Number of protein chains: 2
Amino acid sequence: MRIGEVAAKAGVSVRALRYYEQQGLLHSTRNPGGQRQYPAGAVERVRTIQRLYSAGLPSRTIREILPFADSGEASPELLELLAAERDRLDRQMTDLRDARNRLDDCITEARRQGPHRPCLPAGALNGEEAVQRQAPTPVQ
Amino acid sequence: MRIGEVAAKAGVSVRALRYYEQQGLLHSTRNPGGQRQYPAGAVERVRTIQRLYSAGLPSRTIREILPFADSGEASPELLELLAAERDRLDRQMTDLRDARNRLDDCITEARRQGPHRPCLPAGALNGEEAVQRQAPTPVQ
DNA sequence: CTTGCACCTGACGTCGGCGTCAGGTTTTAG
DNA sequence: CTAAAACCTGACGCCGACGTCAGGTGCAAG
């Protein structure tokens, strides 16, 4: 496959694919004319890269993870890296879930025409003391 | 409180607080000398701002959400915005959970000295066909 | 009063993940 | 064969969330 086809199938821009290659995330061979050639699996690999990016991993972390994804073997250092990233994802998920639930509370509360109980800790604006909202935030 | 104390208590930089003010996220009064004065609740407000940032919201979205957090009232447009952001968070959470589980699979698999089953769809590098991994990804 | 830290306002730098333009080559369709 | 489409390599632009530096002011202590 050539680069345009890969880009279309993976739903990313041609520019992004060249960028991935520059970052060492995606490899290609060249045909006699100098154009990039990709195997079929490249599309799935690009999707994986996209997922990892959208998980907030920087490209250098992805670069360290991907070779392992290829071989299925992990050095102890890589295991540490993976565990650290997994923990980071856990923390971020908790934050996201929390934020989501707060927003969700806001929405349902407001739809119910409920009273004006503030949904997020706002912080006093005019010298008022902070509201002690220790609500039992519904996690999960 | 002055800006340095707020920054220390909220665990952010002084620069960040001034930036938040510039973005309309955090307000302050000024003392006769021109220095910023914050009420006690500002610390909690800054933490909220940080959470929303870490949830991936851009400052203009946060700016639209915070007034609602203050008043507890929501216009229909704001409700739409909140719902959209909530849905975005849902999607991102799904992605994160997926990535996390993949990494977790990798780790436990490797710790078990398991065989070299690739944990992430790698994409063939040398013209090999892509591995059809339709694993029953353990979500949740 | 002076020292010294905290604070002020610009303003420029940075970094990641690309978009985009310029100027040239290769491949494909007719 | 030729035009158009796809591709190539730089290289600069952008945006957001600050870091950082410069040059000046406020404030509390000895």
Side-chain angles (χ1 to χ4, degrees), chain A residues 1-39 42-43 45-66 85 88-89 92 95-96 99, chain B residues 1-39 42-43 45-66 85 88-89 92 95-96 99:
Chain A
M1 293 170 81
R2 300 190 343 194
I3 195 171
E5 193 178 349
V6 175
K9 287 188 177 171
V12 301
S13 70
V14 166
R15 175 68 172 97
L17 295 186
R18 296 203 191 104
Y19 177 73
Y20 297 164
E21 181 167 331
Q22 209 177 341
Q23 299 303 305
L25 307 180
L26 182 64
H27 306 82
S28 66
T29 58
R30 303 298 183 108
N31 71 7
Q35 302 198 344
R36 291 175 177 84
Q37 294 278 13
Y38 298 91
V43 174
R45 188 186 182 90
V46 170
R47 292 212 182 100
T48 296
I49 293 173
Q50 285 280 96
R51 302 187 77 110
L52 293 175
Y53 267 129
S54 90
L57 304 193
S59 47
R60 53 167 290 274
T61 303
I62 300 182
R63 183 176 5 182
E64 289 165 339
I65 287 176
L66 278 181
E85 284 304 325
R88 200 187 55 79
L89 290 182
Q92 191 167 354
D95 279 9
L96 285 176
Chain B
M1 294 170 80
R2 298 189 339 192
I3 194 171
E5 194 178 347
V6 176
K9 286 188 178 172
V12 303
S13 71
V14 167
R15 176 68 173 96
L17 296 186
R18 292 202 270 254
Y19 177 73
Y20 297 164
E21 181 168 330
Q22 209 177 344
Q23 299 303 305
L25 306 180
L26 182 64
H27 306 83
S28 66
T29 58
R30 301 300 181 107
N31 71 8
Q35 301 197 345
R36 290 174 177 85
Q37 295 277 14
Y38 297 91
V43 174
R45 189 187 181 89
V46 170
R47 291 213 183 98
T48 296
I49 293 173
Q50 284 280 97
R51 302 187 77 109
L52 293 175
Y53 268 129
S54 91
L57 305 193
S59 47
R60 51 167 292 274
T61 303
I62 300 182
R63 183 174 19 199
E64 289 165 339
I65 287 177
L66 278 181
E85 284 304 324
R88 202 186 54 81
L89 289 182
Q92 192 167 352
D95 278 9
L96 285 176

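Labels below follow one simple rule: chain letters A, B, ... track the order of the sequence lines, proteins then strands, and each chain is numbered from 1. Predicted model, so just to flag it, every value in this text is computed and none were measured.
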*Roughly, in whole Å, what's the span from CD in B/Glu21 to P in D/dC18?*
15 Å

*Looking at B/Glu5 and B/Arg2, does any basic side-chain N land under 4.0 Å from a carboxylate oxygen?*
no

*In whole Å, what is the span from the CG atom of B/Leu52 to the C1' atom of D/dA17?*
15 Å

*What heavy-atom pair brings A/Arg30 and A/Gly34 nearest, and what distance separates the two atoms?*
NH1-O, 2.9 Å

*Can you check the A/Tyr38 OH to D/dC8 P distance for me, whole Å?*
7 Å

_B/Gln50 CD - D/dA17 C1' separation (whole Å)_ = 10 Å

_Spacing of A/Met1 atom CE relative to C/dT27 atom P, expressed in whole Å_ = 18 Å

_Base versus backbone protein contacts along nucleotides 22-30 of chain D [heavy-atom cut-off under 4.0 Å; B, S, -]_ = ----SS---

_Relative orientation of the end axes in the helix from C/dC1-D/dG30 to C/dG30-D/dC1, expressed as an angle to the nearest 10° (five pairs per end)_ = 10°

*B/Tyr20 side chain N/O closer than 4.0 Å to the phosphate oxygens (OP1, OP2) of D/dC18?*
yes

_Distance (rounded to the nearest 0.5 Å) between A/Leu26 CG and A/Ile62 CD1_ = 12.0 Å

*Give, for atom CZ of A/Arg36 and atom CD1 of A/Ile3, the distance between the pair rounded to the nearest 0.5 Å.*
5.0 Å

_Which heavy atom of B/Ser13 sits nearest to which heavy atom of B/Ala7, and what is that distance?_
C-CB, 4.0 Å

*Starting at CG of B/Leu52, measure out to CZ of B/Arg47 and round the result to the nearest 0.5 Å.*
14.0 Å

*Taking the side chain as every heavy atom from C-beta outward, state whether A/Glu21 and A/Leu17 have any pair of such atoms under 4.5 Å apart.*
no

_Nearest whole Å is fine: how far is C/dG19 C1' from A/Gln22 CD?_
14 Å

_Tell me which one of B/Val6, B/Leu25, B/Leu66 satisfies side-chain contact (heavy atoms from CB on, under 4.5 Å) with B/Arg45._
B/Leu66

*Separation of A/Arg18 CZ from A/Ser28 OG (nearest 0.5 Å)*: 10.5 Å

*Scan residues 5-19 of chain A against DNA chain C and write down, sorted by residue number, each residue with any heavy atom closer than 4.0 Å; if none is found, say none.*
A/Ser13, A/Arg15, A/Ala16, A/Tyr19

*Nearest-Å distance, CD1 (A/Ile49) to P (C/dG17)?*
12 Å

*Taking all non-hydrogen atoms of both residues, which atom of A/Ser59 and which atom of A/Gln23 are closest, and how far apart?*
OG-OE1, 3.5 Å

*Answer yes or no: is there a side-chain heavy-atom contact under 4.5 Å between B/Lys9 and B/Val46?*
no

_If I take atom CZ in residue A/Arg30 and atom P in nucleotide D/dC7, what distance separates them, rounded to the nearest angstrom?_
12 Å

*Contact class for A/Arg60 vs. all strands (heavy atom < 4.0 Å): base, sugar-phosphate, or nothing?*
nothing

*asked:* Can you see if the side chain of A/Arg36 gets near the phosphate of D/dT9 - specifically, an N or O under 4.0 Å from OP1 or OP2?
replied: yes

*Grab the two heavy atoms, one from A/Gly24 and one from A/Arg63, that are nearest each other, plus how far apart they are.*
O-CG, 4.1 Å

*For D/dG16, does OP1 or OP2 lie under 4.0 Å from any side-chain N or O of B/Ser59?*
no

